[in-house]
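A short write-up of the structure that comes next.
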Amino acid sequence: MLFKEIIGQGEVKDKLLKLVRDDRTPHALMLFGPEGTGKLALAVAMAQYLACNDRQEHDSCGSCPSCVKFGKLVHPDLHFMVPVVKTGSKTSPPVSDDYAEAWRETLLTGFYLTENQWYESIGAENKQGIINVKESETIIRKLGFKPYESDYRMVVIWLPEKMNQPAANKLLKLIEEPPGKTLILMVSEHTDKILATILSRTQLLHVPPLTEVEIREGLMSQEADQQVVEDAVLRANGSFSLALQTLRQDEIELQHFELFTEMMRLSYARDILQLNTWVERVAGMGRERQKQLMDYSLRLLRENFVLHLENETLNYMSVKESEFSRKFSPFIHEGNVHDLSEAFTLAGNHIEANGNPRIILMDLSIKVIRLLMQKAPATG
Ligand SMILES: [Zn+2]
């Protein structure tokens, strides 16, 4: 990880660079602040800079043997200590080394990793991770060896607040009497849950929330719809992780919108041939996404019915949805809204129950063709 690859955080970067350049690297350093601001990336960039064979003034060289190994997260003097959860057949208690490969792969796909995303990636969503005493013992043993390739042995402790009491006590001992040329880099989101004695022996560096400008810049490489990007920037609240999540979620919504409107258009035109292509496409998307599409369709149908009744756009729709619905809502009325909702609900249930998606979706399409042909009942 190079400093220049990290979004914003100019002041923090300068401080870290200066510590190394002035040869004042502490034994224990803690980057703390809210989620999604790049703390983990900064910690790894700091370690890489310390180990780089051809350090530049403002960054690692990026090409020396040490940097190449850092790029793949395989430098033998770089260790990680992260919260883990007992999963599947693993014997307890679990330690980071049991998940070393998963950690490396997850991190290489993105350093703006949240705690929940990490647990999801090891198949342990909805569980609470922990750093246990066996983990502290493992790290102490590793730091007892001479460094292999660099002058320093480095350990990045991600979320030290996840240490239980015995683990924290062991770490405290290590920080009190660190072996020479050791850098313990901690990355914390809840310093209030860390032993005061650990904090008092650690150099603390606050990593602030990112600005909207920085987040927008960071999202530039994402190739997303401009409106989707702006929405993600506004809702990010200083967290690039949240911005990325919103972006992905919005893109999925946009895709659902396109699929729903296409289905309605083809059904209205009674274009069975094209509907068949549509069915093939959706059938290839995976059950979870198909279910989401049914839920999305139900929501938009409901909105259109309300729009039909009250003739005014609600705030629950995006700009694109409102535009579409102004033209579409006359077709959703008392005469068919109930049967349409039931058809989509039923399709969703059948998809969930592992039915054949092609048959379910084609059956749904034919019902929709029939229901869209129904005229609104005469009023008054
Ligand atoms: Zn280098």
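First listed ligand is number 1; within each ligand, the first listed atom is number 1.
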Q: Would you indicate whether Asp14, at its atom CG, is surrounded by more than 12 heavy atoms from other residues, nucleotides or ligands within a distance under 6.0 Å?
A: yes
**Q.** Row check, Phe145 ring normal vs Arg153 NZ/CZ: under 6.0 Å, within 45°
**A.** no
**Q.** Shortest non-hydrogen separation from Ala43 to Leu185 and the atoms involved
**A.** O-CD1, 3.3 Å
(Q) So, with waters excluded, how many protein N/O/S atoms does the Zn ion (ligand 1) have closer than 2.8 Å? (A) 4
Q: For the residue pair Tyr296 and Gln292, confirm or rule out a side-chain donor-acceptor distance under 3.5 Å.
A: no
Q. What residue pairs, at least two apart or across chains, pass ring-ring contact (aromatic ring centres under 6.0 Å, His included) with a residue in residues 195-250?
A. Phe32-His206, Tyr112-Phe240
Q) Can you name the closest pair of heavy atoms from Met294 and Leu364 and give their distance? A) SD-CD2, 3.8 Å
